[in-house]
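Below: the structure, in structure tokens.
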Amino acid sequence: MASSATLLHHYSPRPSSSSPCSSSSSSSFDLRRGYNWKFLSFSGINNIWRSQSFRAHAMSTTEGSVLSPKGLMNTEDEPEHLLVLVHGIFASQSDWTYVQAELRGRLGRNFLIYASSCNTFTKTFTGIDGAGKRLADEVRLVVKKREGLKKISFLAHSLGGLIARYALAVLYSSNNCNEQSDDAVTSTSANLKPVGSLNEGLIAGLEPVNFITLATPHLGVRGKNQLPFLLGLPILEKLAAPIAPIFVGKTGSQLFLTDGKPTKPPLLLRMASDCDDGKFISALGAFKWRVLYANVSYDHMVGWRTSSIRRETELVKPPWRSLDGYKHIVDVEYCPPASCEGPHYPLEAAKAKEAAQNAPSTRRTLEYHEIMEEEMICGLQQLGWKKVDVSFHSSFWPFFAHNNIHVKNEFFHNAGAGVIAHVADHIKLQEKQHESSSLITPSL
């Protein structure tokens with residue numbers, strides 16, 4: 001396989017024009033909340049029972065060690081579709097209490113909705129790679145205990161999206177018997193195959209369907225307003241990078257793109273390619289649909305640009321009005337794969353990284369993160385994405401946007417209920433389309 005050193009070469013600026021995308025402010029799914037109430041009516045249970053007993057049952061699949069079969073055995077049904085929920089930094093599986101219960105009611109018995117429990121709280125500080133490997137091991141155990149599973153999807157919040165992306169590369173296996181040699185497909189200094197349109201490969205031996213992230217910093221948190229609580233002030237952004245590892249360990253340096261030696265590309269750049277660390281792009285490309293939910297504003301942890309994988313010039317003010325039936329969902333944009341060479345690690349970037357690590361200054365760090373951001377975007381835009389913009393400007397507590405988007409707590413963050421309904425209806429719609437015809441070719 002190609003080593004990281006092969007990424008070093010002269011840097012040629014790419015045009016910063018937007019990739020061809022089609023936007024639709026008025027689009028919405030045909031499915032509505034009726035699925036949930038129909039399920040509740042059929043079961044003969046009321047709201048109080050649903051919010052207590054029903055959610056207690058949802059938590060039973062994740063409490064305790066994943067090695068225990070508790071919550072994984074179901075004598076009545078044998079679900080075929082595994083939906084893995086991955087929480088963010090310094091969090092736990094309990095963050096998904098509301099989402100688990102809601103998805104169970106909306107998606108039905110064909111789904112096994114499993115909240116990951118292997119990276120709780122401070123374990124998220126040990127690095128995206130370490131957490132990703134643990135998640136991969138956990139998913140393998142779940143799949144092993146459920147022999148009837150055929151399909152797999154992921155729903156991740158914040159840092160969980162990056163952890164899940166690393167786990168995908170660990171779990172990925174190609175089903176293409178005529179695959180080229182490693183040297184031919186893993187060099188990030190050459191064009192990558194258009195995996196976004198091939199949908200080849202398996203994840204944990206299962207057919208990958210949906211990869212969905214909620215407010216995930218796909219481009220890291222370095223750069224103006226990528227970490228909004230720093231207020232875009234250069235002095236704070238300059239100080240944040242060396243301080244971050246003190247508070248959040250190895251994960252901090254990876255998010256700020258300062259991990260590793262200057263001659264080695266940062267982890268997030270490697271994760272935008274197929275390289276010796278893993279086939280990250282091929283694994284993502286194996287999914288039929290990749291969906292990004294991004295907060296337009298009021299998210300103090302993750303900026304709009306990094307969570308939606310866009311350049312600054314691609315950030316167009318979205319409508320203020322929500323889509324019908326989905327409060328706070330303001331826009332949906334469909335972006336097909338863009339033709340580009342993929343990510344590189346130019347000599348200028350190595351020098352800028354060394355300067356940013358040893359003698360950081362506003363000019364040096366700005367140069368470094370601008371190069372890295374463009375390269376990561378070029379790598380990730382080789383795939384098609386569905387981008388969903390979320391705005392909590394009209395909610396009672398808009399500054400809770402980062403936790404609202406996945407309803408971390410039903411009382412404080414219930415403004416995000418429309419987002420979860422949108423997620424559930426997207427999954428349900430794709431499942432119905434898949435069942436109705438195996439010949440449908442997905443657009444993403």
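FYI, the numbering just counts along the sequence from 1.
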- Check the pair Leu292, Thr216 against side-chain contact (heavy atoms from CB on, under 4.5 Å), reporting the backbone distance first and the verdict last. CA-CA 8 Å; Leu292 306 171; Thr216 289; over 6 Å; no
- Item | Test ring pair (Phe, Tyr, Trp, His ring centres under 6.0 Å) applied to Trp96 and His87, step by step | CA-CA 8 Å; Trp96 294 110; His87 61 74; 8.2 Å; no
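- Scanning for ring-ring contact (aromatic ring centres under 6.0 Å, His included) contacts around Phe247 gives an empty result, with sequence neighbours left out.
- Under the side chain to side chain contact (heavy atoms under 4.5 Å, CB included) criterion, Ala349 pairs with Tyr345, Pro346, Ile371, Met372, sequence neighbours left out.
- Not counting sequence neighbours, the partners of Leu206 by the side chain to side chain contact (heavy atoms under 4.5 Å, CB included) test are Val143, Leu149, Ile152.
- For Phe400, the ring-ring contact (aromatic ring centres under 6.0 Å, His included) partners at least two apart in sequence or on another chain are Trp397, His413.
- Scored by the side-chain hydrogen bond (donor to acceptor under 3.5 Å, both in side chains) test, Thr126 finds Arg134 as partners (sequence neighbours excluded).
- A salt bridge links Glu374 to Arg311: one of the charged nitrogens lies within less than 4.0 Å of a carboxylate oxygen.
- Asp389 meets the side-chain hydrogen bond (donor to acceptor under 3.5 Å, both in side chains) test with Trp304, Arg310; sequence neighbours excluded.
- Screening residues 241-258 for salt bridge (charged side-chain N to carboxylate O under 4.0 Å, His left out), with sequence neighbours left out, gives Asp129-Lys250.
- Partners of His402 according to the ring-ring contact (aromatic ring centres under 6.0 Å, His included) rule, which considers only residues two or more places apart in sequence or in another chain, are His157.
- Qualifying side-chain hydrogen bond (donor to acceptor under 3.5 Å, both in side chains) partners for His218, counting only residues two or more places apart in sequence or in other chains: Arg165, Thr213.
- Listed by chain and residue number, nothing satisfies the side-chain hydrogen bond (donor to acceptor under 3.5 Å, both in side chains) test with Ser395 (two or more places apart in sequence, or in another chain).
- Applying the salt bridge (charged side-chain N to carboxylate O under 4.0 Å, His left out) test to every pair with at least one member in residues 150-163, sequence neighbours left out, gives these pairs: Glu80-Lys150, Lys151-Glu431.
- With sequence neighbours excluded, no residue forms a ring-ring contact (aromatic ring centres under 6.0 Å, His included) with Tyr368.
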